[in-house]
Amino acid sequence: MMTDRRAFLTAALVAPVAIAAPALAQTFSCGLDPVERYYAATDAVNANRMEEDDYIQVIHELDDWEPPTQRDFIRKFIAQYEEGGIPTDADRRIMIEQGRKLIA
């Protein structure tokens with residue numbers, strides 16, 4: 001009877017970790033676009049689950065991303081500017097050119 005109780009307690013303690021691990025891994029998988037990765041990374045860095053250097057890399061990926069649709073361009077724009085973000089002059093010029101391509 002003690003073995004069953006131990007097995008149950010072990011499973012009860014391990015289950016949340018086993019369930020959460022794939023979701024956490026999926027958060028940073030390549031299947032997400034740069035905007036989704038940016039938001040996931042922002043949550044992770046705020047929760048001390050990501051190093052600042054890794055977060056900066058995600059920001060650079062967002063800056064370098066060329067959105068394929070107008071909707072994605074708007075999502076990128078909002079992600080870069082919300083909460084006081086200020087892209088560099090070079091990044092702003094790139095975004096202007098990206099916007100021009102999408103409305104042409």
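It should be emphasised that the depicted structure is a prediction, and the values quoted were computed from it without experimental measurement.
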request  = Answer yes or no: does atom CD of Glu82 have more than 12 heavy-atom neighbours from other residues, nucleotides or ligands under 6.0 Å?
outcome  = yes
query = So do the side chains of Arg37 and Leu62 get within less than 4.5 Å of each other, counting heavy atoms only?
reply = no
ask   = Under 6.0 Å from the CD atom of Glu51, do we count more than 12 heavy atoms belonging to anything else shown?
value = no
request  = Give the cluster check for Ile59 versus Ile78: same hydrophobic cluster or not, with ILVMFWY residues linked at side-chain heavy-atom distances below 4.5 Å.
outcome  = yes
task = Please identify each residue that fulfils side-chain hydrogen bond (donor to acceptor under 3.5 Å, both in side chains) with Arg93, with sequence neighbours left out.
result = none
query = What are the two closest heavy atoms between Val35 and Asp33, and how far apart are they?
reply = N-OD1, 2.9 Å
ask   = How far apart are the closest heavy atoms of Val58 and Tyr38, and which atoms are they?
value = CG1-CA, 3.6 Å
request  = Could you state whether Ile56 and Met50 fall into the same hydrophobic cluster, counting links through intermediate Ile, Leu, Val, Met, Phe, Trp or Tyr residues with side-chain heavy atoms under 4.5 angstrom apart?
outcome  = no
query = What residues form a ring pair (Phe, Tyr, Trp, His ring centres under 6.0 Å) with Tyr39, not counting sequence neighbours?
reply = none
query = Which value, rounded to the nearest 0.5 Å, describes the distance between Ile74 atom CD1 and Thr69 atom OG1?
reply = 8.5 Å
Under 3.5 Å, which donor-acceptor pairs link side chains of residues 94-104 to any protein atom two or more places apart or in another chain?
{"residue": "Gln98", "atom": "OE1", "partner": "Lys76", "partner atom": "NZ", "Å": "3.1"}
{"residue": "Gln98", "atom": "NE2", "partner": "Trp65", "partner atom": "O", "Å": "3.1"}
{"residue": "Lys101", "atom": "NZ", "partner": "Glu66", "partner atom": "OE2", "Å": "3.4"}

